[in-house]
Amino acid sequence: MIGQGAGIAIIGSGSAAPAQVLDNNNLAQLVETSDEWIKTRTGIGKRHLANPLTSLSELSVQAAQKAIAMAGIAAFDLDLIILATSTPDDLFGSASKIQGLLGATKAVAFDLTAACSGFVFGLITASQFIRTGVYQNVLVIGADVLSRWVDWSDRGTCVLFGDGAGAVVCQATQEGDRLLGFEMFSDGSQNSSLNLAYQGQPKTLNEEVAIASGTYQPVTMNGKEVYRFAVEKVPEVIEKALYNANLVVEDVDWLILHQANQRIIDAVASRLKVPAHKVISNLAEYGNTSAASIPLALDEAIAQGKIKAGDTIAISGFGAGLTWGAAIFKWGK
Ligand code: COA
């Protein structure tokens, strides 16, 4: 699926995670759980958690600066910044704050909310602006601090999540489009499976006017439903994206799924018949960092020298909405 205008090259990556770590044994002192239960059911060993003074914007800026440096451009060269997050510092959006902190004065910046699919949706959105020839340099950030929105007394959810940020720089190129295929879906009929929902109480302003007054409530999840959904839909969407790319599973060098649960990753890889050595996972270290998980895993694999320029990568995000999507691209200049 090659566009009519410019092609897209994904040429820089960066990531950041808070220094503070909570391992499973620490967690077992907060709720009734065990390292053994968490590891066998999820593959998670620990999670990095933002301290009270760390903002989502700061983590995003750290990841973005590394991605910009690797791309060999200056922040000023950016035309667009897309921040995929469900946990902005400010409900009006945090992308503009990040634009200011980076000094990306030329760039327009906005938030995109699609939960754990956010990075994939952000990358695909970025590619549309590049293919149409509108923008040259686009920064896509996936970042979340779900530790602020988890009920730390609910063992069914709090064991899963961690905080982090990852970013990539996409650039227009005339030398072949490296975004080879993609596919995205939403199913609002399953919206109640995973929520971080606003809950307000009626508040009367006068005899005729009432509003709701309240705040967002911690994450609620039907774990089994989400698990079933992921194992069914993720292989499907990757196959569709591969079909759009005119590729087959064997052409994929690396599979990077949203890091939600090692059992989901293993089940998807096995359904697609992707061998284990091609599957990237850093879940043991970070847990589920929502929109950050794919770019964080991508960046680590690049830094470790696993992923090399020209490698074909399949990424797939899935989560609340419900939403899911996949993109197939070749890494590097
Ligand atoms: N520690 C110990 N026991 C726990 C526990 C924990 N942290 N959390 C739940 N349990 C208990 C349950 O209470 C239940 O006990 P019961 O049988 O006495 O009622 C038992 O373990 C089994 O719970 P269940 O919910 O059936 O476990 P599961 O095998 O489905 O695993 C998840 C639970 C959450 C790990 C799993 O469903 C999952 O990963 N789902 C996908 C979630 C996800 O990825 N969400 C984010 C998507 S972006």
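Side chains included, hydrogens not; waters and symmetry mates left out as well; all remaining heavy atoms used. Whatever order the structure lists them in is the order used to number ligands and atoms, beginning at 1. In this chain, numbering begins with 1 at the start of the sequence shown.
Using cut-offs of 30° and 60° for the angle between ring planes, the H48 and Y286 rings count as tilted.
Annotation: S34 places no N or O atom under 3.5 Å from an N or O atom of ligand 1; distance criterion only. Close N/O approach between R155 and ligand 1 is found [any backbone or side-chain N/O within under 3.5 Å].
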Could you go through the side chain to side chain contact (heavy atoms under 4.5 Å, CB included) check for L27 and W152 one step at a time?
CA-CA 9 Å; L27 199 46; W152 286 97; 3.8 Å; yes
Kindly indicate, with the supporting measurements, whether the criterion side chain to side chain contact (heavy atoms under 4.5 Å, CB included) is fulfilled by I8 and F329.
CA-CA 9 Å; I8 299 131; F329 64 90; over 6 Å; no
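For the residues K224, R228, R41, the heavy atom positioned nearest atom 22 (C) of ligand 1 is part of R41.
Against a heavy-atom cut-off of under 4.0 Å, A260 is close to the following atoms of ligand 1: 44 (O). Residue N288 has at least one heavy-atom neighbour below 4.0 Å for each of these atoms of ligand 1: 46 (C), 48 (S). Taking a cut-off of under 4.0 Å to the non-hydrogen atoms of V226, the atoms of ligand 1 that pass are 43 (C), 45 (N), 47 (C). Near T42, with a cut-off below 4.0 Å to any heavy atom, the atoms of ligand 1 are 35 (C). Of all atoms in ligand 1, numbered sequentially from 1 with element shown, those under 4.0 Å from a heavy atom of H258 are 48 (S). Heavy-atom proximity to F318, at under 4.0 Å, picks out these atoms of ligand 1: 48 (S).
For atom 34 (C) of ligand 1, the closest heavy atom belonging to the protein is M221 CE, 3.9 Å. Among protein heavy atoms, the minimum distance from atom 31 (O) of ligand 1 is reached at R263 NH2, 3.7 Å. Atom 8 (N) of ligand 1 has W37 CH2, 3.3 Å as its closest protein atom, hydrogens excluded (heavy atom only). Protein heavy atom at the shortest distance from atom 38 (C) of ligand 1 is N261 ND2, 3.7 Å.
D144 and T289 share no side-chain donor-acceptor pair at under 3.5 Å. Using modelled atom types and a 3.5 Å distance limit, the side chains of E300 and S15 yield no donor-acceptor pair. No hydrogens or angles considered: a donor-acceptor pair under 3.5 Å links the side chains of S147 and D163.
The protein reaches atom 4 (C) of ligand 1 closely, with a heavy atom under 4.0 angstrom from it. Protein heavy atoms all stay at least 4.0 Å away from atom 17 (O) of ligand 1. Atom 29 (O) of ligand 1 lies below 4.0 Å from at least one non-hydrogen atom of the protein. Distance check on atom 46 (C) of ligand 1: some protein heavy atom falls below the 4.0 Å cut-off.
The shortest side-chain heavy-atom distance between I328 and T312 falls under the 4.5 Å cut-off. With a 4.5 Å cut-off on side-chain heavy atoms, E285 and K46 count as touching. Taking the side chain as every heavy atom from C-beta outward, L247 and V252 never approach each other to under 4.5 Å.
Only the backbone of E32 comes within contact range of ligand 1, with a heavy atom under 4.0 Å; no side-chain atom does. Both the backbone and the side chain of T33 come within 4.0 Å of ligand 1, counting heavy atoms alone.
In this structure, I38 has no heavy atom closer than 4.0 Å to ligand 1.
Taking the side chain to side chain donor-acceptor pair (under 3.5 Å) definition, one finds that W254 meets it with D311, sequence neighbours left out.
Grouped by direct or indirect side-chain proximity (heavy atoms under 4.5 Å, Ile/Leu/Val/Met/Phe/Trp/Tyr only), L205 sits with V209, I211.
Here the CH2 atom belonging to W331 is positioned 11.0 Å from the CZ atom belonging to R178, to the nearest 0.5 angstrom.
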